[in-house]
Trainee: 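First the structure, then my questions, so here it is.
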Amino acid sequence: MTNKEIAELFRDVAASYSIKNEAKFRFQIIAYQNAADAIEGLTTQVQDLYKEGRLEQIPGVGPTIKTRLEELLKTGKVKHFEEVTAGIPPAVFVLMQVPSFGPKKAYKLSAHFHLNNADTAIDDIAKLAKKGEIAKLEGFGEKSEKDIIRAITEFKEGKGKTTKMLLPYAHEVSEQILDYLRTNKDVVRAETLGSLRRMKSLVGDIDIAVASNNPKKVIEHFINYPRKDRVIEKGPATSSFLTTGGNQVDLMVQPPEGFGALLQHFTGSKDHNVHLREYALKKGLSLSERGIKNVKTGKMQKFKTEEEFYSAIGMSWIPPEMREDSGEIELAINNKLPKIVELKDIKGDFHIHSSFAIEPSHDLGKNSITEMLKKAELLGYEYLGFSEHNPSISKHTNRQIVDLIKKRNEEIDILKEASNVAIFKLMETDILPSGKLALPDNALEQLDGTIVSIHSVFKMDKNEMTKRVLSGLSHPKAKILAHPTGRLLNERYGYDLDFEQIFQFCKENNKALEINAYPNRLDLTDTLVRLAIEAGVKFTINTDSHASYQMDLMKYGVAVARRGWAIKSNIVNCLNYIEVVKWFKS
DNA sequence: GCCGTTTTCGGCCCGACTGTTTTCAGTCG
């Protein structure tokens, strides 16, 4: 059973509890939802943790859920869960995938219409709604019937939060809306918040906060956005619409003197806010997007800035990328947050594909070495590493391969003279399924070092794949493992690797893991970065640019590093040129 | 059912909006 399947099962259990008796099982519901969230976010399979006897290390898993997990992994089912879900049609859990369908609504409809086939449940409900059968039910009406038809249509089209956006796309959409909002004179400030501000790799919706003394006017302006498909909701302080591209945009408005609390609230994450509010409550303070209320006196204090807001709870300001409730609150209380890396700390980029005709096994870059160097100078870099894919081994003899690399290096040597940016002669070399590198030793000798990576035969057993990667990395010239998980966001999962072994090896042998900044990679992932740092591993943040404009994507890689709590000294390309030269030789 | 810088017992964030309702339930973030 995969983590995702286990998380889904736990959510079904929570839903079943709320259908049967929400009041009675209030805290079990929260407990199972929390455990589901934690399990879904794990970088290790629950199956493996079970084998290693480490189930209790999962946050939100206590003695009871631990025994449930053991039973589940041993026998494939849990007797207690079967009791909890007894009498609830399986259609309920399918319907709940559709936004606006919670446990109550899904159950009412499934039970009343005897929906026995979970596979067709969503279509069945749509048909009943179109026939006007749902409006007849108590608690439903014509409007909610229409809403159901629309919700199902949008769900099938992948609108709303069903399909998540890559970061740069979400940025672009939000910038357009911000520009539009700022044309209104009642908008004092407008900012993007939510997971976009926290720089998560995938963004479900776009959250925007506005400071204004006239919220009504701002919301009127907001819902008249020209690229709007339909308004989802509209109240005095908040509103949402769907863009023509099918993305949900949420707006919240507060007066300027209370904008700090709104920034904090709407940036999230949910877990961060819940923890923060629980902590504040113990001090007699109740937090909300409006400000901080003294529970005893009932007096509300407002905050212009987030810094003042955090300070009033007795802690230092926390960078948005760290707000995931993974220990940042405790550190902020003690004023001990790490000073995480910033874009301006980056002094170069090691993963650059030029258009030099190296006859590679994979794709060539679009811009010349000169053009890439010019861009590096604009970015203020000290150095750049050229790492085209290795010449294809099937189409060349060893001799030809060595000649091609020599030619590229000669070109670099000529261009070096006129460049203010220092150059490293690298290559991105495939690790073959055997674990050997796709370049002969006499070719590798021509290089300052090489990036190694997997580009074929992804489906290997975890142990075999780990052995393959370690074998590739063990060559003395191999210094960086590129896009270590191999995942492509919204496209494919990564290959199976034992990262504990990889981390150990990298630390002992002075190899770096890449944080690939390319938006559909963002690989290593934030959670693995955090674990790797704890294991003492170093990183390089690289753009993997195949064109000069892509070198601007560095900020997304830095965001992953920040989400993984990386500091400057964890990152090789925060070192100066001399130090990097030493590092490649180490 | 989990968890600990008030606690191993007694807590468990806070508020918005919609539709179907005459005061609230359901869903969402």
Side-chain angles (χ1 to χ4, degrees), chain A residues 10 13-15 17-19 22-38 56 58-69 80 84 95-96 98-109 134-135 137-148 151 160-161 193-195 204-207 209 215 219 231-240 248 250-254 261-262 264-293 295 300 313-315 325 329-334:
Chain A
F10 278 23
V13 170
Y17 270 130
S18 48
I19 289 164
E22 181 148 52
K24 184 177 169 191
F25 298 117
R26 217 174 118 206
F27 300 112
Q28 280 88 341
I29 294 166
I30 296 170
Y32 277 100
Q33 280 167 344
N34 283 342
D37 290 346
E56 53 267 273
I58 305 169
V61 172
T64 305
I65 294 186
K66 184 188 162 211
T67 59
R68 308 272 192 248
L69 275 175
H80 176 72
V84 176
L95 283 175
M96 281 178 59
V98 181
S100 82
F101 278 76
K104 307 286 176 56
K105 196 199 273 188
Y107 178 71
K108 233 188 231 175
L109 293 172
I134 289 177
L137 254 67
E138 202 193 325
F140 292 84
E142 301 227 332
K143 273 190 178 169
S144 56
E145 190 173 65
K146 272 187 190 151
D147 283 347
I148 285 171
K161 296 170 190 183
L193 305 177
S195 53
D205 64 352
I206 289 166
D207 299 315
I219 284 171
V231 174
I232 296 170
E233 62 176 38
K234 172 180 170 279
T238 74
S239 174
S240 306
Q248 185 172 330
D250 297 337
L251 175 77
M252 292 185 95
V253 189
Q254 284 288 315
L262 181 58
Q264 196 290 316
H265 164 80
F266 213 15
T267 297
S269 64
K270 177 173 164 275
D271 289 344
H272 175 84
N273 284 358
V274 168
H275 189 167
L276 201 66
R277 287 166 184 200
E278 281 174 355
Y279 174 76
L281 210 52
K282 287 169 191 162
K283 295 180 143 194
L285 303 171
S286 170
L287 315 182
S288 76
E289 62 267 41
R290 295 170 175 279
I292 299 183
K293 196 165 69 183
V295 178
M300 173 76 80
I313 320 166
M315 59 183 75
D325 190 27
I329 291 174
E330 290 76 4
L331 290 176
I333 292 167
N334 295 311

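In the text below, chain A, chain B and the rest are named by the order of the sequence lines, each starting its count at 1.
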Trainee: In whole angstrom, give the distance that lies between atom CG of A:N34 and atom P of B:dC12.
Mentor: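 The answer, rounded to whole Å, is 15 Å.
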Trainee: Given A:M315 and A:L276, is the side-chain contact (heavy atoms from CB on, under 4.5 Å) satisfied, shown in steps?
Mentor: CA-CA 10 Å; A:M315 59 183 75; A:L276 201 66; 3.6 Å; yes
Trainee: Could you give the distance separating B:dC9 and B:dA16 at their C1' atoms, to the nearest angstrom?
Mentor: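 The answer is 34 Å between these two C1' atoms.
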Trainee: In this structure, how many angstroms lie between the P atom of B:dC12 and the CG atom of A:D271, rounded?
Mentor: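 Rounding to the nearest Å, CG of A:D271 and P of B:dC12 are 18 Å apart.
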Trainee: Do A:S240 and A:Q248 touch side chain to side chain, with heavy atoms closer than 4.5 Å?
Mentor: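 A side-chain contact under 4.5 Å exists here.
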Trainee: Categorize A:E142 for me: base, sugar-phosphate, or nothing, with a 4.0 angstrom heavy-atom threshold over every strand shown.
Mentor: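 Sugar-phosphate, backbone atoms only, no base.
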Trainee: So, OP1 or OP2 of B:dA16: does either fall under 4.0 Å of a side-chain N or O from A:R290?
Mentor: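 The answer is yes; a side-chain N or O of A:R290 sits under 4.0 Å from OP1 or OP2.
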Trainee: Which parts of nucleotides 1-8 of chain B does protein reach within less than 4.0 Å, heavy atoms only, written one letter per nucleotide 5' to 3' as B for base, S for sugar-phosphate only and - for none?
Mentor: BSS--BB-
Trainee: Using whole Å, report how far CD1 of A:I148 lies from P of B:dT27.
Mentor: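 Atom CD1 in A:I148 sits about 10 Å away from atom P in B:dT27.
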Trainee: Determine the Euclidean distance between corresponding P atoms of B:dT6 and B:dG1; express it in Å to zero decimal places.
Mentor: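 My reading of the P atoms in B:dG1 and B:dT6 gives 28 Å.
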Trainee: Can you tell if the side chain of A:K108 reaches within under 4.5 Å of the side chain of A:E138, non-hydrogen atoms only?
Mentor: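 The answer is no, as the side chains (C-beta and beyond) never meet within the 4.5 Å cut-off.
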Trainee: Parallel, tilted or perpendicular, judged at 30° and 60°: which one describes the rings of A:Y17 and A:F25?
Mentor: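 Ring orientation, 0 to 90° scale: tilted.
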Trainee: Nearest whole angstrom, please: distance from the P of B:dA16 to the CG of A:N273.
Mentor: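 That distance rounds to 15 Å.
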Trainee: Base, sugar-phosphate or nothing for A:D147? Non-hydrogen atoms, less than 4.0 Å.
Mentor: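 Sugar-phosphate, backbone atoms only, no base.
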Trainee: The side chain of A:P99 is closest to which nucleotide in this list: B:dC28, B:dA16, B:dT20?
Mentor: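 Nearest nucleotide to the side chain: B:dC28.
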Trainee: For B:dT20 and B:dA25, measure between their C1' atoms and round to the nearest Å.
Mentor: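 So the two C1' atoms sit 9 Å from each other.
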Trainee: Considering heavy-atom distances to DNA chain B, does A:M300 or A:H265 have its closest nucleotide positioned more toward the 5' end?
Mentor: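 So the residue in question is A:M300.
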Trainee: Would you mind reporting whether A:I148 and A:L109 have side-chain heavy atoms less than 4.5 Å apart?
Mentor: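 Counting from C-beta outward, A:L109 and A:I148 do come under 4.5 Å.
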Trainee: B:dT21 and B:dC12: how far apart are their P atoms, nearest whole angstrom?
Mentor: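 Their P atoms lie roughly 34 Å apart.
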Trainee: Which whole number of Å gives the distance between the C1' atom of B:dC14 and that of B:dT7?
Mentor: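 About 23 Å, rounded to a whole number of Å.
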Trainee: Pick base, sugar-phosphate or nothing for A:A237, based on heavy-atom distances below 4.0 Å to the nucleic acid.
Mentor: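 Sugar-phosphate, no base atom in range.
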Trainee: Base, sugar-phosphate or nothing for A:I29? Non-hydrogen atoms, less than 4.0 Å.
Mentor: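 Result for A:I29 = nothing.
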Trainee: Return the nucleotide paired to B:dA16: Watson-Crick means purine N1 to pyrimidine N3 with N6-O4 or O6-N4, wobble means G-U with N1-O2 and O6-N3, both under 3.5 Å.
Mentor: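 Base partner found: B:dT27.
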Trainee: Given atom CZ of A:F140 and atom P of B:dG26, what is their separation to the nearest angstrom?
Mentor: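 Distance check: A:F140 CZ to B:dG26 P gives 10 Å.
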Trainee: Looking at A:I134, is its backbone amide N or carbonyl O close enough to the side chain of A:E145 to form a donor-acceptor pair, meaning the two atoms are under 3.5 Å apart?
Mentor: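 Indeed, once roles are kept as given, a pair shorter than 3.5 Å links the two residues.
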Trainee: I need the NZ-P distance between A:K234 and B:dC28, as an integer number of Å.
Mentor: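 Spelled out: NZ on A:K234 to P on B:dC28 is 22 Å.
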Trainee: Do any side-chain nitrogens or oxygens of A:S286 fall under 4.0 Å of OP1 or OP2 in B:dC14?
Mentor: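 Yes, such a contact exists.
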Trainee: Answer with base, sugar-phosphate or nothing: what part of the nucleic acid does A:S239 contact at a heavy-atom distance below 4.0 Å?
Mentor: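 Nothing: the residue A:S239, judged by heavy atoms under 4.0 Å, touches no strand.
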Trainee: Starting from the 5' end of DNA chain B, give me the residue, A:K143 or A:Q248, whose nearest nucleotide shows up first.
Mentor: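 With A:K143 and A:Q248 compared, the 5'-side residue is A:K143.
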Trainee: Can you tell me how far P of B:dA25 sits from CG of A:L137, to the nearest Å?
Mentor: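 Spelled out: CG on A:L137 to P on B:dA25 is 18 Å.
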Trainee: So, does A:K234 use its side chain to make a donor-acceptor pair with the main chain of A:I219 at under 3.5 Å?
Mentor: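 The answer is no, because no donor-acceptor pair under 3.5 Å joins these two groups.
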Trainee: Check this one for me: any side-chain N or O of A:S144 less than 4.0 Å away from OP1 or OP2 of B:dG19?
Mentor: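 It does not, given that no N or O in the side chain of A:S144 lies less than 4.0 Å from OP1 or OP2 of B:dG19.
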Trainee: When you compare the side chain of A:L287 with that of A:Y279, does any pair of heavy atoms fall below 4.5 Å?
Mentor: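 Answer no - side chains too far apart.
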Trainee: When the C1' atoms of B:dT23 and B:dG19 are compared, how many Å lie between them, rounded to an integer?
Mentor: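 Here B:dG19 and B:dT23 have their C1' atoms 13 Å from each other.
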Trainee: Please evaluate residues A:R68 and A:Y32 with respect to the criterion side-chain contact (heavy atoms from CB on, under 4.5 Å), reporting the C-alpha separation (whole Å), side-chain torsions for both, the decisive distance (0.1 Å), and the verdict.
Mentor: CA-CA 11 Å; A:R68 308 272 192 248; A:Y32 277 100; 3.5 Å; yes
Trainee: Can you check the A:L287 CG to B:dG15 C1' distance for me, whole Å?
Mentor: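 After rounding, the gap between these two atoms is 12 Å.
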Trainee: When rounded to the nearest Å, what value does the distance between P atoms of B:dT8 and B:dG15 take?
Mentor: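 It works out to 29 Å between them.
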Trainee: If you look at every strand shown and take non-hydrogen atoms under 4.0 Å, does A:F25 touch a base, only sugar-phosphate, or nothing?
Mentor: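 Since no nucleic acid heavy atom lies under 4.0 Å of A:F25, the category is nothing.
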Trainee: Which listed nucleotide (B:dT21, B:dC17, B:dC14) is nearest to the side chain of A:E138?
Mentor: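 Ranking B:dT21, B:dC17, B:dC14 by closest atom to the A:E138 side chain puts B:dT21 first.
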